[in-house]
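Only this structure's heavy atoms are used, side chains among them; waters, hydrogens and symmetry mates stay out.
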Amino acid sequence: QPRASEGTEPSIGQAVNRIIDRLVRIRVPEFARFEQELGVPLRLTSENPHWRFYSFALTRGPFARGEVRLSKTGSRALLSLEPREDRAILESDLDLRPWGAVRSINPNPGIPPEGADAYAYSVRGVLVWFQLSHRSRRLHGVALHWSMPP
């Protein structure tokens with residue numbers, strides 16, 4: 001069987017992990033670094049006294065769109081990724097072993113239609129959450145949080 005480097009498409013789980021691996025390598029949460037690693041322009045959608053909110057759309061891969069929130073102090077960032085609607089990503093598609101031990105599990109029964117559980121990992125100083133639907137175990141989203149020391 002050919003390896004991914006020989007021209008075959010990576011599995012959906014490998015594609016998810018490649019994106020996460022690139023993003024957790026961002027040391028300082030800066031606008032230009034997010035554009036570079038995502039490979040798309042970020043569009044300012046709103047701001048408040050503490051945060052700037054940017055949206056983006058991805059044309060390929062497992063994720064369709066997302067949002068980056070950058071603190072105006074430059075010390076924090078939150079990035080969320082939404083999977084494509086036309087291709088369900090299930091827990092069984094994912095290989096979460098590279099991210100280490102689960103740090104916490106946060107249930108949220110209010111997420112339609114069946115509730116979701118967010119599994120948190122600490123990777124290279126970045127908190128990474130994989131949110132899975134409670135019963136169907138469909139990936140609802142991935143979120144990454146950077147927090148720089150003051």
Side-chain angles (χ1 to χ4, degrees), residues 10-149:
S11 72
I12 195 80
Q14 290 170 328
V16 167
N17 282 357
R18 286 180 184 173
I19 293 167
I20 303 305
D21 186 58
R22 280 197 328 263
L23 292 169
V24 297
R25 292 177 186 278
I26 295 174
R27 303 302 333 137
V28 178
E30 298 173 322
F31 178 88
R33 284 291 309 202
F34 286 113
E35 281 195 327
Q36 177 185 0
E37 293 306 328
L38 292 165
V40 295
L42 301 179
R43 184 174 55 86
L44 182 65
T45 55
S46 66
E47 64 181 289
N48 65 36
H50 306 285
W51 294 91
R52 287 189 180 95
F53 299 81
Y54 301 90
S55 66
F56 59 91
L58 300 168
T59 58
R60 296 183 316 215
F63 300 105
R65 69 189 64 75
E67 180 182 72
V68 176
R69 300 175 192 176
L70 295 174
S71 70
K72 289 187 175 181
T73 64
S75 63
R76 294 183 295 157
L78 181 66
L79 184 145
S80 59
L81 296 163
E82 293 179 32
R84 295 194 178 286
E85 303 247 343
D86 60 347
R87 189 348 182 144
I89 302 171
L90 303 177
E91 183 177 28
S92 59
D93 295 325
L94 301 172
D95 178 8
L96 300 175
R97 293 173 298 174
W99 313 124
V102 173
R103 298 296 177 135
S104 66
I105 301 171
N106 299 311
N108 188 335
I111 294 178
E114 61 187 78
D117 302 312
Y119 294 81
Y121 298 83
S122 180
V123 185
R124 300 176 146 256
V126 179
L127 289 177
V128 181
W129 288 275
F130 291 86
Q131 190 174 56
L132 298 163
S133 296
H134 185 70
R135 287 187 309 275
S136 66
R137 307 310 286 168
R138 181 179 178 150
L139 184 66
H140 186 70
V142 176
L144 297 93
H145 178 255
W146 289 258
S147 183
M148 306 296 292

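- Ring pair Y54/F31: centre-to-centre distance below 6.0 Å.
- For the pair F56/L81, a side-chain contact is recorded, criterion being any heavy-atom separation below 4.5 Å from C-beta on.
- Within the 4.5 Å cutoff, side-chain heavy atoms of L38 are placed close to those of L23.
- Minimum interatomic distance between G100 and Y121 (heavy atoms only, all atoms of both residues): O-CE2, 3.4 Å.
- The side-chain heavy atoms of D21 and P98, taken from C-beta on, include no pair separated by under 4.5 Å.
- When the options E37, E35, E30 are evaluated for a salt bridge (Lys or Arg N to Asp or Glu O under 4.0 Å) with R33, the one that passes is E37.
- Taking NE2 of H145 as the reference point, atom CZ of R76 lies at 6.0 Å (rounded to 0.5 Å).
- Atoms CZ and CG, from R138 and L132 in turn, are 11.5 Å apart once rounded to the nearest 0.5 Å.
- Using a 4.5 Å heavy-atom threshold, the side chains of R137 and L90 count as separate.
- For R60, the CZ atom is loosely surrounded, since the number of other residues' heavy atoms within 6.0 Å does not exceed 12.
- Across G74 and P29, no two heavy atoms sit closer than the pair O-CG, 4.0 Å.
- Residues I105 and P107 come closest through the heavy atom pair O-CD, 3.5 Å.
- Taking 4.5 Å as the limit, some side-chain heavy atom of D93 sits within range of a side-chain heavy atom of R87.
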Derivation and outcome, side-chain contact (heavy atoms from CB on, under 4.5 Å), residues L96 and Y119: CA-CA 10 Å; L96 300 175; Y119 294 81; 5.7 Å; no

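- When every heavy atom of V40 is checked against every heavy atom of A57, the shortest pair comes out as CG1-O, 3.5 Å.
- The side-chain heavy atoms of L139 and F63, taken from C-beta on, include a pair separated by under 4.5 Å.
- W99 places none of its side-chain heavy atoms less than 4.5 Å from the side chain of V128.
- Annotation for R22: atom CZ counts as buried by contact number, over 12 foreign heavy atoms lying within 6.0 Å.
- Across every non-hydrogen atom of N48 and K72, the tightest pair is O-NZ, 2.8 Å.
- Contact annotation: the side chain of E82 never approaches that of E67 to less than 4.5 Å [non-hydrogen atoms, C-beta and beyond].
- In plain terms, the two heavy atoms of G141 and P83 that are nearest each other are CA-CD, 4.0 Å.
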Salt bridge (charged side-chain N to carboxylate O under 4.0 Å, His left out) evaluation trace for D95 with R97: CA-CA 6 Å; D95 178 8; R97 293 173 298 174; 2.8 Å; yes

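- Counting only distance, with no hydrogens or angles, the side chain of T45 and the backbone of F53 share a donor-acceptor pair below 3.5 Å.
- The CG atom of N108 lies 8.5 Å from the NE2 atom of H140; values are rounded to the nearest 0.5 Å.
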